[in-house]
Number of protein chains: 2
Amino acid sequence: MNAGKQTKGERTKSLILETAMTLFQEKGYDESTMRNIAERAGVALGNAYYYFPSKEHFIHAFYERLWNEQLLAYEGVLEAESTLKRRLLGVLVAELRIIEPHHRLCLALFKSAADPRSPVSPFSEESRPLRESCIDFYRRLVEGATETIPPELKRELPYLLWLFHMGVVLFWIYDRSFGSIRTQKLVLHSADLIGNLVTLMSVPVMSPIRQRILNLIAAVKTEFLDETLPPLNPSQS
Amino acid sequence: MNAGKQTKGERTKSLILETAMTLFQEKGYDESTMRNIAERAGVALGNAYYYFPSKEHFIHAFYERLWNEQLLAYEGVLEAESTLKRRLLGVLVAELRIIEPHHRLCLALFKSAADPRSPVSPFSEESRPLRESCIDFYRRLVEGATETIPPELKRELPYLLWLFHMGVVLFWIYDRSFGSIRTQKLVLHSADLIGNLVTLMSVPVMSPIRQRILNLIAAVKTEFLDETLPPLNPSQS
DNA sequence: GTCTATAACCGGATAGAC
DNA sequence: GTCTATCCGGTTATAGAC
């Protein structure tokens, strides 16, 4: 295990990965067969499966790249903006900018990602590190915001914003408008609305409603977070 | 075309459909191969494909059965309940009761249904009749409710409730709690909350927030409804 | 138009030899 | 680690029978 140089296996693995990514970008996910990838990478089919047990395993690698790129852009937003409203808006706009070039690919991946049993589901055990890193980021976004936020709500907000962001991505996947303008509008309007709603929850009259909302969250929240989903049993039900 | 008796073709078709449904129920969707279905129905593989051009085509038939059963139960709720809150709660509880026995099957179907390009997506052109029938039902639910609802909001509410109901089903699909208790809690809390929020929107102070919400809806709404999605091109991207 | 039988294609996945 | 051969299941094609 020399630290500087990659082992042969590592080189083969990243060769296959790069080839897959290029091919996905060129021809889309469904059109890129495992045989294509292996052939183009100059390895045997079985060898590709040796490093990537299923075609879906390429997806996690793609996630991680995207997330690194996003995190980089998000840090800039947190430094530049101070209100919750503008931080949220900035982050969502940055996200859209980054993922838009991959719209077609994401549409194809979504078929796998939507399956709760798949390891590439955003709610899977395998996605936990990425998911927690993402919620953690929203925690920092909320902590640094200047608005007055009821503390019980503030505690839940990172999780809620993460969930909301998942909803935006879901909407974006289905969005066929030119340049995803519709999703951009959604982001614009809803960042604004969320900012208003959050501060509105501070006024005393809203106390009962706030409590109801918090109760709802408490009753329902653990889903996707605390529980361990059983691993995907390749072909089941 | 004699009205009373089915033609031979109709009989064969429903024989195949029944067999498929039974098999799905017994072994799950992925485990039931087209070869299984054909064999069990006592027809040739090609004959199954003659009536059901793809495996997914069985899904629409399944949808329709479920929706008929639901509609029947829902009518009873509308007759028995008068407030928006209780009507909504009654309908959602009835829905959960009806779909719960098919949890495993729905989980498997979801992989296809989640793909926006698939004809079995709830947002597809092929699903339009079912979708509109469902939104129409929510229209009647809202029309008959006794609460005072701001008219501009009332106009949008059927669509919003349909969307919300889709969200509940999505949550349910991911819900692994025993007997889907967590989804039941979600339904209980959120029907209550929605009832409160809707009437809250009538009070004058809420006017600006209400307007913001309506603007958001207007900016974003047409998605899934007015546009024609291109048909699924079997293997694309 | 309805149906059978059979073979074949394609692509994800696996087994087992080297 | 890497290969070849094979399985499996959705899907298609063909050619012909009723």
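To find a chain, count down the sequence lines: A is the first, B the second, and so on, and within it residues start at 1.
Each of A:Thr33 and B:Tyr50 was assigned the nucleotide of DNA chain C with the nearest heavy atom; the assignment lying further toward the 5' end belongs to B:Tyr50.
For the residue pair A:Glu95 and A:Val169, the shortest heavy atom distance occurs at OE2-CG2, 3.8 Å. Across all non-hydrogen atoms, the minimal contact from A:Ala73 to A:Ile98 is CB-CD1, 3.9 Å.
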Enumerate all atom pairs, one protein N or O and one N or O from nucleotides 3-6 of chain D, separated by less than 3.5 Å.
unit_1 : atom_1 : unit_2  : atom_2 : d
D:dC3  : OP2    : A:Ala44 : N      : 2.6
D:dC3  : OP2    : A:Asn47 : ND2    : 3.2

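One can place CG of A:Asp30 at 17 Å from P of C:dC10, the figure rounded to the nearest angstrom. At whole-Å resolution of the value, CG in A:Leu23 and P in C:dG11 are 12 Å apart. For the pair A:Lys111 NZ and C:dG11 C1', the interatomic distance rounds to 14 Å; values are reported in whole Å. The distance from atom CD of B:Glu56 to atom C1' of D:dG9 is 15 Å, rounded to the nearest whole Å. B:Lys8 has its NZ atom 6 Å from the C1' atom of C:dT2, to the nearest Å. The separation between B:Phe58 atom CZ and D:dG10 atom P is 10 Å, rounded to whole Å. Note: CG (B:Leu15) to P (C:dT2) measures 15 Å, nearest angstrom. Atom C1' of nucleotide C:dG12 and atom CZ of A:Phe52 are separated by 16 Å, given to the nearest angstrom.
When distances are taken from the side chain of A:Tyr51 to each of D:dG10, D:dG1, C:dG11, the shortest belongs to D:dG1. Between D:dG10, D:dT2, C:dA13, one nucleotide has an atom nearer to the side chain of A:Ser54 than all others, and that is C:dA13.
A ring-ring contact (aromatic ring centres under 6.0 Å, His included) with A:His165 is found for one member of A:Tyr74, A:Tyr138, A:Tyr159 and no other, namely A:Tyr138. Of the options A:Arg65, A:Lys13, A:Arg40, a salt bridge (Lys or Arg N to Asp or Glu O under 4.0 Å) to A:Glu18 is made by A:Arg65 and by none of the others.
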Donor-acceptor pairs under 3.5 angstrom involving side-chain atoms of residues 185-192 of chain A: please list them, not counting sequence neighbours.
unit_1   : atom_1 : unit_2   : atom_2 : d
A:His189 : ND1    : A:Lys185 : O      : 2.9
A:Ser190 : OG     : A:Leu186 : O      : 2.5
A:Asp192 : OD1    : A:Lys85  : NZ     : 3.1
A:Asp192 : OD2    : B:Arg212 : NE     : 2.6
A:Asp192 : OD2    : B:Arg212 : NH2    : 2.9

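Aromatic ring centres of A:Phe62 and A:His102 lie closer together than 6.0 Å.
If you check every strand for non-hydrogen atoms under 4.0 Å, B:Tyr49 touches a base.
A 4.5 Å side-chain heavy-atom check between A:Phe52 and A:Leu17 finds at least one atom pair inside the cut-off.
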